[in-house]
**Student:** 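First the structure, then my questions, so here it is.
The analysis underlying the following values was restricted to heavy atoms, covering all of them including side chains, and did not include hydrogens, waters or symmetry mates. If you're wondering where the values come from, they're calculated on a predicted model, not measured in any experiment.
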Amino acid sequence: MNDMTKMTQAVSVLIMTLLLSLFSFQLSAQTPDTGWLTNPQHPPVQTRFVLTGLQDPQEKTVTGYLDVKLTGDWKTYWRSPGEGGVAPSIDWKASKNLTKVDWLWPYPQKFELLGIDTQGYKGDTLFPITLHIEDMTKPVAIDAVLTLSSCSTICVLTDYPIQLTFLPSDLQVDEDVMFRYAQAVSHVP
């Protein structure tokens with residue numbers, strides 16, 4: 001091998017190393033989320049839990065949101081669904097280093113089907129959530145189950161596992177996620 005070939009290979013290795021380092025830095029700087037959760041038996045619904053990266057060490061809180069996407073005429077319900085329907089719920093009991101959760105509800109739409117009045121959401125809805133952390137220096141393990149009722153002319157009750165682990169001090173604010181969170185908070189009555 002001549003010197004020029006060795007130098008070209010060394011430069012190629014250096015460039016690949018820099019690119020991989022930059023790529024891995026980008027991955028570690030991303031805001032944690034569950035990714036889209038679906039159920040093959042009920043494809044009109046997608047949901048995910050996203051952290052904004054915003055934390056308050058004094059209050060021991062971290063903010064995020066539950067994103068629910070419904071296609072077509074499918075809808076889900078408000079915390080007080082009206083004459084029919086079942087409000088979404090999340091069972092957080094199996095989570096670790098979590099003391100309580102505040103779930104905010106955007107202003108709902110009114111729906112009427114077969115003479116029954118309900119309140120809820122269609123399309124893409126974000127529910128702002130504040131996690132209250134027991135110890136901000138220790139990892140938080142979210143191990144929860146979202147139970148979501150979705151209806152068109154029939155209703156389907158579906159569970160979605162929410163699993164996410166993070167260290168509060170490692171979180172970094174994601175501007176796009178924070179913007180969506182702020183928009184969601186602005187829709188809360």
**Student:** Could you tell me whether the side chain of Leu131 reaches within less than 4.5 Å of the side chain of Phe49, counting heavy atoms only?
**Tutor:** yes
**Student:** How far apart are the C-alpha atoms of Leu51 and Asp33, what are their side-chain angles, what is the distance that settles it, and do they pass the side chain to side chain contact (heavy atoms under 4.5 Å, CB included) test?
**Tutor:** CA-CA 6 Å; Leu51 296 177; Asp33 73 57; over 6 Å; no
**Student:** Above 12 or not: heavy atoms from other molecules or residues under 6.0 Å from CG of Asp91?
**Tutor:** yes
**Student:** So, for Ser150 and Leu70, which heavy atoms are closest and what is the spacing to 0.1 Å?
**Tutor:** CB-CD2, 4.1 Å
**Student:** Can a donor-acceptor pair be found between the side chains of Thr61 and Thr130 at a distance below 3.5 Å?
**Tutor:** no
**Student:** What's the verdict on side chain to side chain contact (heavy atoms under 4.5 Å, CB included) for Arg48 and Val50, showing C-alpha distance, side-chain angles and the deciding distance?
**Tutor:** CA-CA 6 Å; Arg48 67 181 175 153; Val50 180; 3.8 Å; yes
**Student:** In Å, rounded to the nearest 0.5 Å, how long is the span from CG of Leu98 to NZ of Lys60?
**Tutor:** 12.5 Å
**Student:** Which pairs, with at least one residue in residues 122-150 and sequence neighbours excluded, count as a ring-ring contact (aromatic ring centres under 6.0 Å, His included)?
**Tutor:** Trp103-Phe127, Trp105-Phe127, Tyr121-Phe127
**Student:** Looking only at heavy atoms, which two atoms of Thr118 and Tyr77 are closest? And how far apart?
**Tutor:** CB-CE2, 3.6 Å
**Student:** Compare all side-chain heavy atoms of Ile129 with those of Val101 and state whether any distance is below 4.5 angstrom.
**Tutor:** yes
**Student:** Quick check: is Tyr181 connected to Val173 through a chain of hydrophobic side chains (ILVMFWY, heavy atoms under 4.5 Å apart)?
**Tutor:** yes
**Student:** Decide side chain to side chain contact (heavy atoms under 4.5 Å, CB included) for Ile90 and Val145; before the verdict, give the C-alpha distance in whole Å, the side-chain angles of both, and the deciding distance to 0.1 Å.
**Tutor:** CA-CA 5 Å; Ile90 301 177; Val145 177; over 6 Å; no
**Student:** What is the minimum heavy-atom distance between Ala87 and Pro81, and which atoms define it?
**Tutor:** N-CG, 3.9 Å
**Student:** Could you check whether any side-chain heavy atom of Val140 comes within less than 4.5 Å of a side-chain heavy atom of Lys96, counting everything from C-beta outward?
**Tutor:** no
**Student:** Could you please spell out the steps behind the side chain to side chain contact (heavy atoms under 4.5 Å, CB included) verdict for Gln109 and Gln119?
**Tutor:** CA-CA 6 Å; Gln109 299 172 345; Gln119 300 179 82; over 6 Å; no
**Student:** Below 3.5 Å, can you tabulate the donor-acceptor pairs from side chains in residues 152-169 to any protein atom, sequence neighbours excluded?
**Tutor:**
from   : atom 1 : to     : atom 2 : distance (Å)
Asp159 : OD1    : Thr147 : OG1    : 2.7
Gln163 : NE2    : Asp143 : OD1    : 3.3

**Student:** Are Leu54 and Leu171 connected into the same hydrophobic cluster when the rule is that any two of I, L, V, M, F, W, Y join if their side-chain heavy atoms are below 4.5 Å apart?
**Tutor:** no
**Student:** Indicate yes or no: at least one non-hydrogen side-chain atom of Leu66 is less than 4.5 angstrom from one of Thr125.
**Tutor:** no
**Student:** Look at the side chain of Thr52 and the backbone N and O of Met178, then say whether any donor-acceptor pair between them is shorter than 3.5 Å.
**Tutor:** no
**Student:** Can you see which heavy atom on Asp135 is nearest to which on Thr137, and at what distance?
**Tutor:** OD1-OG1, 2.6 Å
**Student:** Does any non-hydrogen side-chain atom of Ile142 lie less than 4.5 Å from one of Trp92?
**Tutor:** yes
**Student:** Can you tell if the side chain of His187 reaches within under 4.5 Å of the side chain of Tyr107, non-hydrogen atoms only?
**Tutor:** no
**Student:** Going by the rule salt bridge (charged side-chain N to carboxylate O under 4.0 Å, His left out), which residues pair with Arg180 if we only count those two or more places apart in sequence or in a different chain?
**Tutor:** Asp67, Asp124
**Student:** Verify the neighbour count for atom CD of Gln58: are there more than 12 heavy atoms of other residues, nucleotides or ligands below 6.0 Å?
**Tutor:** no
**Student:** Any non-hydrogen side-chain atom of Phe111 less than 4.5 Å from a side-chain atom of Cys151?
**Tutor:** no
**Student:** For the CD atom of Glu134 and the NZ atom of Lys100, what is their distance to the nearest 0.5 Å?
**Tutor:** 14.0 Å
**Student:** List the atom of Pro108, the atom of Trp78, and the distance in Å for their closest heavy-atom pair.
**Tutor:** CG-CD2, 3.5 Å
**Student:** Given side chains that start at C-beta, do those of Asn39 and Val45 come closer than 4.5 Å, heavy atoms only?
**Tutor:** no
**Student:** What heavy-atom pair brings Ser95 and Ala144 nearest, and what distance separates the two atoms?
**Tutor:** OG-N, 4.3 Å
**Student:** How far does OG1 of Thr63 sit from CG of Leu104, to the nearest 0.5 angstrom?
**Tutor:** 10.5 Å
